[in-house]
Amino acid sequence: MTDAHDLVKKVLAELPAWLPAQRWFGGKDRPVTGVRELTSTVLNAEDPVLVHLVVEVEQQDRRAPYQLLATDQVEHCDATADLELNGRLLDLVARDARIGDLRFEREPGVEIPTGLRGRPVTSEQSNTSLVYGSQYILKLFRKLTPGPNPDLVLQRALQEVGCEHIARPLGSITGVLDGRETTVAMLQQFVPDAVDGWAMATTSVRDLMAEGDLHAYEVGGDFAGEARRLGQAVATVHANLADALGSQRADADDIERSVRAMGERLDRVVASVPELEPYVPALREAFEQARDTPGGVVIQHIHGDLHLGQVLRTVHGWLLIDFEGEPGAPISERTALRSPLRDVAGMLRSFDYAAHQLLVGQPEDHQLAVRALEWSRRNRAAFTEGYAEAAAESVGDPRQRGYLLRAFELDKAVYEVAYEYANRPEWLTVPLSSIARITGEGA
Ligand SMILES: Nc1ncnc2c1ncn2[C@@H]1O[C@H](COP(=O)(O)OP(=O)(O)O)[C@@H](O)[C@H]1O
Ligand SMILES: [Mg+2]
């Protein structure tokens, strides 16, 4: 039998080699130069040993805290693959336990059974989620930021105003990091019959491509009705967020800052991706035009990383999940008040991706390219129309804010150019052809 102290020592030694192989590890671009224990909390002292661990991962000049569960039961560092041990976490939440600095807590009025086993979700993730029975999903945040996590803060606020488009938050785990109370995990209602939006949308695209001469509105898998309902759901969540946490008018400084940030991102990306060069003047002009939005710009809390992989279709309608914001962005940006049209732009980009991903590797097929564009246009229009139908008056119809929406969409596409260049160079044509199209068409 290992004792907890020896286990932590062993795990710390293994982490530099193990971390870079984990999907959720955010620092794959450079080597791990050191790992140091920040906090360790013994959850089981023996048989099997289970230790909650927060480590600081050092990579040359960068440092970031990560959460781990260490055990002597499974090979390699991490206990989240062990269904029995995972059960322990839900039990602790069910009992509102406190162990050391860790606080396990149910949301008010929630009852949770004990004795359930937790199986890890296998889809690609930036965190690690465990599913218990058919009712509970516990997300362990991997890279930690001191303070409350926006995922929990925003969904709690939405729950309080009775939002129908989220999975109900049921509990949380809080630790202490840099002397601040820090959300390390969130428990939510699991929706067992849900299909994610990306899977639905790409199936529809494939149906259309297989149909030869038919148009998008003629084939069985037409997605436009779903896209429209999704637009309504997103607009409703925005209205609920504004009700719960307020909204305000952007002042000249806010607008200046956001236009400058778009320009700076463009500078950074074009410095390493020469393929973007021809579009720079048109992109700059588009960002400048965002200053002149008639009727002003409303800012509020938003989702911040909205795309088809962050929405679930249930028998009752669409749910939005994962309100953490862009995982790579600093917390100040993730919690800032921003225009809800950023989320609309994110979803519009995602429709474009769903349509064009089948073309990667076969750029010469003109017929498929026409189909992809047709699918994208139809579903983007349906989504925007649905959004306009349900939008709060202050936010209004995104089509009336053409320059602003266009700038946000282009800004997102510039981000995608950098991402694809670094990770999937054969996909670079997807954002680049969108940039060519959007800047060519005008607002
Ligand atoms: N409430 C839920 N019900 C059913 N499945 C869910 C639920 N929440 C998340 N999932 C599944 O888990 C995946 C990851 O969840 P997400 O919150 O996006 O985590 P991450 O922060 O790791 O991206 C989702 O893509 C979805 O497939
Ligand atoms: Mg996600």
Side-chain angles (χ1 to χ4, degrees), residues 22-28 64 66-69 78 80-81 86 89-90 93 107 110 112 116 118-145 148-156 158-159 163-173 182-203 230 233-234 237 302-329 331 334-335 343 346-347 349-350 353-354 412 415 419:
Q22 307 311 307
R23 152 76 187 151
W24 44 260
F25 183 60
K28 296 198 180 68
Y66 281 89
Q67 173 175 213
L68 296 155
L69 281 175
D78 197 60
T80 57
N86 288 338
L89 292 177
L90 188 68
V93 176
E107 292 296 292
V110 170
I112 297 164
L116 292 177
R119 63 193 143 87
V121 169
T122 50
S123 62
E124 293 269 289
Q125 286 200 288
S126 32
N127 295 293
T128 297
S129 293
L130 305 166
V131 174
Y132 297 85
S134 58
Q135 280 189 73
Y136 305 99
I137 181 164
L138 179 71
K139 169 147 84 171
L140 299 174
F141 297 108
R142 287 300 196 167
K143 188 173 173 188
L144 298 178
T145 309
N149 191 297
D151 207 2
L152 179 65
V153 174
L154 296 190
Q155 301 210 57
R156 248 186 200 156
L158 285 168
Q159 180 64 30
C163 179
E164 291 177 348
H165 299 285
I166 56 163
R168 184 175 177 195
L170 300 174
S172 61
I173 308 177
T182 299
T183 317
V184 300
M186 174 169 74
L187 183 71
Q188 267 186 298
Q189 176 203 353
F190 179 68
V191 188
D193 55 0
V195 185
D196 84 81
W198 178 258
M200 281 183 84
T202 50
T203 303
L230 179 57
V234 172
V237 169
I302 64 171
H303 181 284
D305 187 23
L306 198 59
H307 53 77
L308 284 161
Q310 305 271 48
V311 293
L312 299 175
R313 179 69 165 90
T314 76
V315 287
H316 304 294
W318 286 102
L319 301 183
L320 276 57
I321 58 169
D322 197 1
F323 286 69
E324 211 189 351
E326 260 179 39
I331 187 75
R334 292 198 270 136
T335 53
D343 284 343
M347 200 54 99
R349 291 299 310 134
S350 195
Y353 258 78
K412 192 92 194 172
Y415 163 84
Y419 178 86

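Below, each value reflects all heavy atoms present in this structure, side chains not excepted, and no hydrogens, waters or symmetry copies. The structure displayed is predicted, hence computed values, not measured ones. Numbering of ligands and ligand atoms starts at 1, following listing order.
Listed by atom number, the atoms of ligand 1 under 4.0 Å from Gln310 heavy atoms are 18 (O).
Here the straight-line distance linking atom CG of Leu170 with atom CD of Gln159 works out to 8.0 Å at 0.5 Å rounding. Distance CG/Leu140 to CG/Leu89: 6.0 Å, rounded to 0.5 Å. Expressed to the nearest 0.5 Å, how far CG of Asp196 lies from CG of Leu308 amounts to 8.5 Å. If you take OG1 on Thr80 and CG on Asn127, they are separated by 11.5 Å, rounding to the nearest 0.5 Å.
Ion pairing between a basic and an acidic side chain is recognised when a charged N comes within 4.0 Å of a carboxylate O; Glu324 and Lys143 show no such pairing. Of the charged side-chain nitrogens involved, none lies within less than 4.0 Å of a carboxylate oxygen, so that Asp305 and Arg334 do not count as a salt-bridged pair.
Here the heavy atom of the protein found nearest to atom 3 (N) of ligand 1 is Val191 N, 2.8 Å. Closest to atom 25 (O) of ligand 1, if we only count protein heavy atoms, is Gly309 O, 3.9 Å. Among all protein heavy atoms, the one lying closest to atom 18 (O) of ligand 1 is Asp322 OD2, 3.0 Å. Summary of contacts: the protein heavy atom closest to atom 27 (O) of ligand 1 is Ser123 OG, 4.3 Å. Of all protein heavy atoms, the one closest to atom 1 (N) of ligand 1 is Gln189 O, 2.9 Å. Annotation: atom 24 (C) of ligand 1 to nearest protein heavy atom, Ile321 CD1, 3.6 Å. The single protein non-hydrogen atom nearest to atom 10 (N) of ligand 1 is Ile137 CD1, 3.7 Å, given as residue, atom name and distance. Nearest non-hydrogen protein atom to atom 22 (O) of ligand 1 is Asn127 N, 2.9 Å.
At a 4.0 Å cut-off, at least one heavy atom of Ser126 sits close enough to ligand 1 to count as contact. Ligand 1 is never approached by Asp196 to a heavy-atom distance shorter than 4.0 Å.
Taking 2.8 Å as the threshold, Asp322 counts as a candidate ligand of the Mg ion (ligand 2), since one of its N, O or S atoms lies below it. At a cut-off of 2.8 Å, Gln310 coordinates the Mg ion (ligand 2) through an N, O or S atom.
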request  = Assess whether side-chain contact (heavy atoms from CB on, under 4.5 Å) is satisfied between Gln310 and Ser350, documenting all intermediate values.
outcome  = CA-CA 10 Å; Gln310 305 271 48; Ser350 195; over 6 Å; no
task = Would you check, one step at a time, whether the test side-chain contact (heavy atoms from CB on, under 4.5 Å) holds for His307 with Tyr353?
result = CA-CA 10 Å; His307 53 77; Tyr353 258 78; over 6 Å; no
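Of the residues listed (Thr128, Thr183, Asp151, Asn149), the one engaging Lys139 in a side chain to side chain donor-acceptor pair (under 3.5 Å) is Asp151, and it is the only one.
Of all the heavy atoms of Gln125, the ones lying under 4.0 Å from any atom of ligand 1 are found in both the backbone and the side chain.
Distances between N or O atoms of Ala167 and those of ligand 1 include no value under 3.5 Å. Where the criterion is an N or O separation shorter than 3.5 Å, residue side chain and backbone included, Gln188 fails it with respect to ligand 1. The shortest N or O to N or O distance between Ser129 and ligand 1 is not under 3.5 Å.
The local environment of CD in Gln125 is crowded, with over 12 non-hydrogen atoms from other residues, nucleotides or ligands closer than 6.0 Å.
The shortest distance between side-chain heavy atoms of Leu230 and Met347 falls below 4.5 Å.
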